[in-house]
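Scroll down for the structure; my scribbles are underneath it.
Values below: all heavy atoms of this structure, side chains included; hydrogens, waters and symmetry mates excluded.
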Amino acid sequence: MELFTPDFGLVFWMFVAFILLFLVLAKWGWPVIIKQMEHRAKTIDKGVEDARQAKEQLDNARSEADRYMKEAQGRQQEMLREAERMKTEIIEAARQEAAKAAQREMDAAKASIEQSRKEAESQIRNEVGKFSLEIAERMMRTSMKSDKAQTALVNKLLDEIEKN
(Lines give C-alpha, C1' and ligand atoms only; values in the text may rest on other atoms or scores of the structure.)
Protein backbone atom coordinates (compact mmCIF):
# COMPACT_ATOMS: atom_id res chain seq x y z
CA MET A 1 0.00 0.00 0.00
CA GLU A 2 2.92 2.15 0.26
CA LEU A 3 2.72 2.94 -3.42
CA PHE A 4 -0.59 4.60 -2.90
CA THR A 5 0.31 6.63 0.18
CA PRO A 6 3.29 8.96 -0.33
CA ASP A 7 5.76 9.74 2.38
CA PHE A 8 5.68 13.08 4.21
CA GLY A 9 9.11 14.12 2.84
CA LEU A 10 8.02 13.46 -0.71
CA VAL A 11 4.85 15.46 -0.20
CA PHE A 12 6.84 18.30 1.37
CA TRP A 13 9.36 18.51 -1.50
CA MET A 14 6.62 18.24 -4.06
CA PHE A 15 4.83 21.08 -2.30
CA VAL A 16 8.01 23.19 -2.27
CA ALA A 17 8.63 22.46 -5.96
CA PHE A 18 5.05 23.33 -6.73
CA ILE A 19 5.28 26.64 -4.84
CA LEU A 20 8.58 27.52 -6.58
CA LEU A 21 7.12 26.62 -9.96
CA PHE A 22 3.98 28.57 -9.11
CA LEU A 23 6.01 31.65 -8.13
CA VAL A 24 8.21 31.47 -11.24
CA LEU A 25 5.20 31.04 -13.46
CA ALA A 26 3.27 33.77 -11.61
CA LYS A 27 6.20 36.21 -11.98
CA TRP A 28 7.29 35.49 -15.58
CA GLY A 29 5.03 32.92 -17.27
CA TRP A 30 1.44 33.87 -16.67
CA PRO A 31 1.75 37.58 -17.51
CA VAL A 32 3.28 36.64 -20.86
CA ILE A 33 0.66 33.93 -21.43
CA ILE A 34 -2.19 36.25 -20.42
CA LYS A 35 -0.72 39.05 -22.53
CA GLN A 36 -0.48 36.71 -25.53
CA MET A 37 -4.04 35.48 -24.92
CA GLU A 38 -5.33 39.08 -24.74
CA HIS A 39 -3.38 39.93 -27.89
CA ARG A 40 -4.81 36.85 -29.60
CA ALA A 41 -8.34 37.76 -28.40
CA LYS A 42 -7.87 41.31 -29.76
CA THR A 43 -6.60 39.89 -33.07
CA ILE A 44 -9.60 37.56 -33.27
CA ASP A 45 -11.99 40.41 -32.37
CA LYS A 46 -10.33 42.62 -34.98
CA GLY A 47 -10.63 39.83 -37.55
CA VAL A 48 -14.30 39.35 -36.69
CA GLU A 49 -14.85 43.13 -36.98
CA ASP A 50 -12.96 43.22 -40.27
CA ALA A 51 -15.03 40.30 -41.53
CA ARG A 52 -18.23 42.08 -40.46
CA GLN A 53 -17.10 45.27 -42.20
CA ALA A 54 -16.12 43.30 -45.29
CA LYS A 55 -19.55 41.67 -45.28
CA GLU A 56 -21.20 45.09 -44.97
CA GLN A 57 -19.02 46.43 -47.78
CA LEU A 58 -19.88 43.41 -49.90
CA ASP A 59 -23.58 43.89 -49.17
CA ASN A 60 -23.25 47.60 -49.98
CA ALA A 61 -21.33 46.77 -53.15
CA ARG A 62 -24.00 44.26 -54.16
CA SER A 63 -26.81 46.73 -53.51
CA GLU A 64 -24.88 49.43 -55.37
CA ALA A 65 -24.22 47.02 -58.24
CA ASP A 66 -27.93 46.16 -58.29
CA ARG A 67 -28.76 49.87 -58.32
CA TYR A 68 -26.31 50.46 -61.17
CA MET A 69 -27.77 47.49 -63.05
CA LYS A 70 -31.30 48.83 -62.61
CA GLU A 71 -30.14 52.28 -63.67
CA ALA A 72 -28.36 50.81 -66.70
CA GLN A 73 -31.44 48.79 -67.59
CA GLY A 74 -33.54 51.94 -67.26
CA ARG A 75 -31.14 53.78 -69.54
CA GLN A 76 -31.20 50.88 -71.97
CA GLN A 77 -35.01 50.93 -72.01
CA GLU A 78 -34.97 54.70 -72.52
CA MET A 79 -32.48 54.33 -75.36
CA LEU A 80 -34.61 51.64 -76.96
CA ARG A 81 -37.71 53.84 -76.66
CA GLU A 82 -35.78 56.78 -78.13
CA ALA A 83 -34.49 54.60 -80.98
CA GLU A 84 -38.02 53.36 -81.67
CA ARG A 85 -39.33 56.94 -81.66
CA MET A 86 -36.53 58.05 -83.98
CA LYS A 87 -37.23 55.10 -86.29
CA THR A 88 -40.89 56.04 -86.41
CA GLU A 89 -40.03 59.68 -87.10
CA ILE A 90 -37.60 58.73 -89.85
CA ILE A 91 -40.13 56.41 -91.46
CA GLU A 92 -42.83 59.08 -91.23
CA ALA A 93 -40.49 61.72 -92.66
CA ALA A 94 -39.56 59.36 -95.50
CA ARG A 95 -43.24 58.70 -96.20
CA GLN A 96 -44.00 62.41 -96.24
CA GLU A 97 -41.01 63.10 -98.48
CA ALA A 98 -42.10 60.30 -100.81
CA ALA A 99 -45.65 61.68 -100.87
CA LYS A 100 -44.30 65.18 -101.65
CA ALA A 101 -42.05 63.78 -104.38
CA ALA A 102 -44.96 61.82 -105.84
CA GLN A 103 -47.14 64.94 -105.72
CA ARG A 104 -44.40 66.96 -107.45
CA GLU A 105 -44.12 64.27 -110.11
CA MET A 106 -47.90 64.23 -110.53
CA ASP A 107 -48.00 68.03 -110.77
CA ALA A 108 -45.15 68.00 -113.27
CA ALA A 109 -46.90 65.29 -115.29
CA LYS A 110 -50.18 67.26 -115.21
CA ALA A 111 -48.38 70.43 -116.26
CA SER A 112 -46.62 68.54 -119.04
CA ILE A 113 -49.89 66.99 -120.18
CA GLU A 114 -51.63 70.37 -120.03
CA GLN A 115 -48.78 71.99 -122.00
CA SER A 116 -48.90 69.18 -124.58
CA ARG A 117 -52.69 69.55 -124.82
CA LYS A 118 -52.39 73.31 -125.33
CA GLU A 119 -49.68 72.83 -127.92
CA ALA A 120 -51.78 70.22 -129.73
CA GLU A 121 -54.84 72.47 -129.51
CA SER A 122 -52.85 75.42 -130.85
CA GLN A 123 -51.42 73.27 -133.62
CA ILE A 124 -54.91 72.00 -134.51
CA ARG A 125 -56.25 75.59 -134.53
CA ASN A 126 -53.39 76.70 -136.72
CA GLU A 127 -54.00 73.79 -139.09
CA VAL A 128 -57.75 74.39 -139.10
CA GLY A 129 -57.11 78.12 -139.67
CA LYS A 130 -54.77 77.35 -142.56
CA PHE A 131 -57.29 74.92 -144.08
CA SER A 132 -60.09 77.43 -143.55
CA LEU A 133 -58.08 80.19 -145.19
CA GLU A 134 -57.17 77.92 -148.08
CA ILE A 135 -60.78 76.88 -148.50
CA ALA A 136 -61.96 80.48 -148.21
CA GLU A 137 -59.32 81.66 -150.64
CA ARG A 138 -60.33 79.03 -153.18
CA MET A 139 -63.97 79.83 -152.70
CA MET A 140 -63.32 83.55 -152.99
CA ARG A 141 -61.33 83.09 -156.13
CA THR A 142 -64.14 81.30 -157.79
CA SER A 143 -66.94 83.53 -156.46
CA MET A 144 -65.08 86.86 -156.70
CA LYS A 145 -64.08 86.90 -160.25
CA SER A 146 -66.25 89.88 -160.97
CA ASP A 147 -65.75 93.39 -159.58
CA LYS A 148 -69.37 93.65 -158.55
CA ALA A 149 -69.18 90.64 -156.29
CA GLN A 150 -65.99 91.98 -154.68
CA THR A 151 -67.57 95.38 -153.99
CA ALA A 152 -70.67 93.74 -152.47
CA LEU A 153 -68.58 91.59 -150.17
CA VAL A 154 -66.49 94.57 -148.97
CA ASN A 155 -69.63 96.60 -148.28
CA LYS A 156 -71.22 93.71 -146.39
CA LEU A 157 -68.10 93.26 -144.19
CA LEU A 158 -67.94 97.01 -143.46
CA ASP A 159 -71.60 96.96 -142.40
CA GLU A 160 -70.94 94.07 -140.02
CA ILE A 161 -67.95 95.91 -138.50
CA GLU A 162 -70.05 99.04 -137.94
CA LYS A 163 -72.78 97.04 -136.16
CA ASN A 164 -70.29 95.48 -133.78
Side-chain angles (χ1 to χ4, degrees), residues 1-137 160-161 164:
M1 245 336 195
E2 203 169 295
L3 286 177
F4 293 114
T5 59
D7 222 8
F8 178 73
L10 179 64
V11 172
F12 174 76
W13 287 113
M14 284 177 62
F15 184 69
V16 169
F18 176 75
I19 294 291
L20 285 175
L21 181 63
F22 181 78
L23 290 175
V24 169
L25 285 177
K27 179 77 176 165
W28 292 289
W30 284 329
V32 173
I33 292 171
I34 290 175
K35 186 178 174 185
Q36 288 297 325
M37 286 176 51
E38 287 175 357
H39 178 69
R40 179 70 178 149
K42 286 180 186 176
T43 304
I44 290 171
D45 289 342
K46 188 176 185 293
V48 169
E49 183 64 26
D50 289 346
R52 187 188 59 76
Q53 287 177 353
K55 185 180 181 299
E56 285 178 7
Q57 287 177 353
L58 180 62
D59 290 342
N60 289 340
R62 282 183 183 158
S63 65
E64 192 170 329
D66 288 344
R67 184 173 52 87
Y68 284 141
M69 287 296 289
K70 286 178 183 175
E71 186 177 315
Q73 288 173 349
R75 286 183 189 162
Q76 179 186 19
Q77 291 298 322
E78 182 63 32
M79 291 171 103
L80 288 173
R81 282 190 294 271
E82 182 67 21
E84 184 66 29
R85 185 187 62 76
M86 287 175 66
K87 179 185 91 171
T88 304
E89 286 177 1
I90 289 170
I91 289 172
E92 187 59 33
R95 282 183 184 155
Q96 290 175 355
E97 188 62 32
K100 287 178 185 176
Q103 187 62 40
R104 284 193 300 266
E105 289 294 321
M106 290 293 289
D107 292 343
K110 284 179 183 178
S112 175
I113 290 170
E114 184 64 25
Q115 183 67 25
S116 296
R117 186 187 62 79
K118 285 181 181 179
E119 287 175 4
E121 212 173 82
S122 174
Q123 191 176 13
I124 289 173
R125 282 183 189 208
N126 287 339
E127 291 292 322
V128 168
K130 283 181 188 176
F131 289 142
S132 297
L133 284 174
E134 255 181 58
I135 291 172
E137 183 182 334
E160 284 180 13
I161 290 174
N164 288 336

inquiry  = Salt bridge or not between Glu38 and Lys42? Use side-chain N to carboxylate O under 4.0 Å.
reply    = no
query = Using 4.0 Å as the upper bound for N to carboxylate O, is an ion pair formed by Arg62 and Asp66?
reply = no
request  = Would you list the pairs meeting ring-ring contact (aromatic ring centres under 6.0 Å, His included) in which at least one residue belongs to residues 24-76, sequence neighbours left out?
outcome  = Phe22-Trp30
ask   = About how many Å separate CD of Glu92 and NZ of Lys87, when rounded to the nearest 0.5 Å?
value = 13.0 Å
ask   = Under 4.0 Å between a Lys/Arg side-chain N and an Asp/Glu carboxylate O for Glu97 and Arg104?
value = yes
query = About how many Å separate CG of Leu80 and CD of Gln76, when rounded to the nearest 0.5 Å?
reply = 5.5 Å
ask   = Within the side chain of Thr88, is there an N or O that forms a donor-acceptor pair under 3.5 Å with the backbone of Glu84?
value = yes
key: Where Ala26 and Pro31 come nearest, the two heavy atoms and their spacing   = O-CD, 3.4 Å
Exceeds 12 heavy-atom contacts within 6.0 angstrom, atom CZ of Arg117 = yes
task = Step through the shown structure and confirm whether more than 12 heavy atoms of other residues, nucleotides or ligands are within 6.0 Å of CZ on Arg95.
result = no
ask   = Given Arg75, which of Glu71, Gln77, Gln73 fulfils the side-chain hydrogen bond (donor to acceptor under 3.5 Å, both in side chains) condition?
value = Glu71
ask   = Any side-chain donor-acceptor pair under 3.5 Å between Asn60 and Glu56?
value = no
ask   = Do Glu119 and Gln115 have side-chain N/O donor and acceptor atoms under 3.5 Å apart?
value = yes
key: Gap separating the CD1 atom of Ile113 from the CE atom of Met106, nearest 0.5 angstrom   = 8.0 Å
inquiry  = When you measure from the side chain of Ser116 to the backbone of Ser112, do you find a donor-acceptor pair of N or O atoms at a distance under 3.5 Å?
reply    = yes
Glu89 and Arg85 ion-paired at < 4.0 Å = yes
query = Would you find more than 12 non-hydrogen atoms of other residues, nucleotides or ligands less than 6.0 Å from Gln123 atom CD?
reply = no
From Ile44, Asp50, Thr43, residue fulfilling side chain to side chain contact (heavy atoms under 4.5 Å, CB included) relative to Lys46 = Asp50
Pair Arg81 + Glu78: basic N to acidic O under 4.0 Å = yes
ask   = Do Glu64 and Arg67 come within less than 4.5 Å of each other through their side chains, counting heavy atoms only?
value = yes
ask   = Measuring from Met86:CE to Ile91:CD1, what's the distance to the nearest 0.5 Å?
value = 12.0 Å
